[in-house]
Structures are given as C-alpha cells and as structure tokens.
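No experiment lies behind these values; they were computed from the predicted model shown.
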Amino acid sequence: QVPLVESGGGLVQAGDSLRLSCTASGRTFSSYAIAWFRQAPGKEREFVAAISWTGGGTYYADSVQGRFTISRDNAKNTVYLQMNSLKPEDTAVYSCAAGAVSYASDLHRESEYDYWGQGTQVIVSS
C-alpha cells in the first residue's frame with residue numbers, strides 16, 4: 001500500500017496560480033511513477049501530468065502544457081503540481097496516483113496506477 005494525500009486546492013481567480021502537493025507514506029514512494037488526474041463535474045477523469053520514478057521524465061496533457069509543472073522531492077515523499085495561468089476549465093477534483101509504470105508511453109493511462117489519493121478540489125472563477 002502507498003497511502004497518498006493531496007493538498008493545496010482552493011478557490012482562485014482566472015490567471016492565478018496554485019501548487020498542489022501529493023504526499024505519500026512508505027519507503028517505496030521513490031520507486032513509483034506519480035501522476036495527476038482530474039475530474040470535472042459531469043466529465044470523465046482525465047490525465048493531467050506525470051513524472052517518472054527518477055524524476056527525469058515529465059509528461060503533460062496538451063491542455064496544461066506550458067502552464068503546469070510537475071516535480072518530485074523523494075526525500076520528502078512528495079510530488080508537486082505547480083499550476084499557473086489557471087483557467088475556469090481547470091476547475092476539477094485533482095487526484096494523484098502512484099504506479100510501477102514500466103514505459104513512458106503508458107504514463108498517461110489510469111490503468112497503470114494502483115494507488116490513488118482522495119483528491120483536492122480546485123475551483124477557478126472567471
């Protein structure tokens with residue numbers, strides 16, 4: 001088990017920034033790829049960003065490329081999602097997930113992740 005806890009969500013205005021954190025317990029955190037997914041009301045969950053277990057590879061959905069940055073600090077068992085230039089369409093519940101993903105081409109796939117957090121709400125007003 002890799003318990004994950006997200007934090008940092010909130011209500012902001014369009015153009016503002018937020019930094020989400022995903023903190024895990026357990027010594028195996030550093031061996032997992034971590035991803036952020038989001039689910040807006042009435043929509044399916046979608047991939048946002050992912051980072052390989054080494055931190056050397058980062059991947060983004062087209063909709064957030066250039067605005068969001070994912071990073072990890074394995075010493076703190078934490079992955080961050082820095083979200084800049086937020087838009088109302090970024091409003092969603094953001095969840096982090098951990099998985100032993102073997103291939104970079106699979107980092108965006110929900111099925112690759114075994115452990116999920118409860119999520120943190122982000123609301124962007126116009």
Side-chain angles (χ1 to χ4, degrees):
Q1 293 290 326
V2 182
L4 302 171
V5 178
E6 302 95 337
S7 61
L11 171 63
V12 297
Q13 294 186 331
D16 286 350
S17 298
L18 275 177
R19 189 177 78 160
L20 305 183
S21 298
C22 171
T23 301
S25 57
R27 294 180 293 174
T28 59
F29 173 81
S30 61
S31 63
Y32 288 96
I34 305 293
W36 286 95
F37 291 82
R38 67 185 182 186
Q39 187 167 21
K43 295 186 177 181
E44 293 187 355
R45 186 160 57 189
E46 65 175 359
F47 169 76
V48 176
I51 189 165
S52 64
W53 68 274
T54 64
T58 56
Y59 307 89
Y60 299 93
D62 290 344
S63 59
V64 306
Q65 180 77 47
R67 299 188 298 123
F68 291 10
T69 302
I70 189 170
S71 61
R72 69 189 299 162
D73 184 340
N74 285 340
K76 296 182 178 179
N77 277 8
T78 300
V79 167
Y80 304 99
L81 184 67
Q82 178 67 44
M83 305 187 296
N84 298 330
S85 303
L86 282 162
K87 305 175 180 180
E89 51 263 43
D90 294 318
T91 295
V93 174
Y94 285 70
S95 301
C96 64
V101 184
S102 298
Y103 301 103
S105 58
D106 292 332
L107 280 167
H108 67 288
R109 303 184 190 280
E110 286 189 43
S111 58
E112 293 292 321
Y113 296 91
D114 300 309
Y115 308 105
W116 293 79
Q118 294 293 319
T120 184
Q121 177 76 58
V122 172
I123 300 174
V124 184
S125 64
S126 57

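Scored by the salt bridge (Lys or Arg N to Asp or Glu O under 4.0 Å) test, Glu110 finds Arg45 as partners (sequence neighbours excluded). Applying the salt bridge (Lys or Arg N to Asp or Glu O under 4.0 Å) criterion to Asp16, with sequence neighbours excluded, gives no partner residue.
Exactly one of Ile51, Leu4, Val2 qualifies for a side chain to side chain contact (heavy atoms under 4.5 Å, CB included) with Tyr32. That residue is Val2. No option in Arg38, Glu6, Gln39 other than Arg38 meets the side chain to side chain contact (heavy atoms under 4.5 Å, CB included) test with Tyr94.
For the residue pair Ala40 and Ala92, the shortest heavy atom distance occurs at N-CB, 3.8 Å. Here the closest non-hydrogen pair linking Ser126 and Pro88 is CB-CG, 3.8 Å.
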For Ser17 and Asn84, what are the C-alpha separation, side-chain angles and deciding distance, and is it a side-chain hydrogen bond (donor to acceptor under 3.5 Å, both in side chains)? CA-CA 4 Å; Ser17 298; Asn84 298 330; 2.9 Å; yes

Verdict with reasoning, Gln121 to Thr91, per side chain to side chain contact (heavy atoms under 4.5 Å, CB included): CA-CA 8 Å; Gln121 177 76 58; Thr91 295; 4.3 Å; yes

Does Val122 form a side chain to side chain contact (heavy atoms under 4.5 Å, CB included) with Met83? I'd like the steps, not just the answer. CA-CA 10 Å; Val122 172; Met83 305 187 296; 3.9 Å; yes

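Grouping Ile, Leu, Val, Met, Phe, Trp and Tyr residues whose side-chain heavy atoms lie under 4.5 Å apart, directly or via other members, places Tyr113 in a hydrophobic cluster with Phe37, Phe47, Tyr59, Val101, Leu107, Trp116.
Under the 4.5 Å side-chain contact rule for hydrophobic residues, Val64 and Val12 share a cluster.
Taking 4.5 Å as the limit, every side-chain heavy atom of Val124 sits out of range of all side-chain heavy atoms of Glu89. For the pair Lys76 and Ser21, the minimum side-chain heavy-atom distance is 4.5 Å or more. Residues Ile34 and Trp53 form no side-chain contact, since every pair of their non-hydrogen atoms from C-beta on lies 4.5 Å or further apart. By the 4.5 Å heavy-atom criterion applied to side chains, Leu18 and Leu86 are counted as neighbours. Residues Tyr60 and Val48 are not in side-chain contact: their nearest non-hydrogen atoms beyond the backbone lie 4.5 Å or more apart. In this structure, the side chains of Trp36 and Leu20 come closer than 4.5 Å at one or more pairs of heavy atoms. A 4.5 Å side-chain heavy-atom check between Ile70 and Val79 finds at least one atom pair inside the cut-off.
Taking CZ from Arg19 and OG1 from Thr69, the interatomic distance works out to 11.5 Å, rounded to the nearest 0.5 Å.
Under 3.5 Å, the side chains of Asn77 and Thr23 contain no donor-acceptor pair of N or O atoms.
A donor-acceptor distance shorter than 3.5 angstrom exists from the side chain of Ser52 to the backbone of Gly57, with no hydrogens or angles considered.
Comment: Asp90 does not engage Lys87 in a salt bridge, judged by the lack of any side-chain N to carboxylate O separation of less than 4.0 angstrom.
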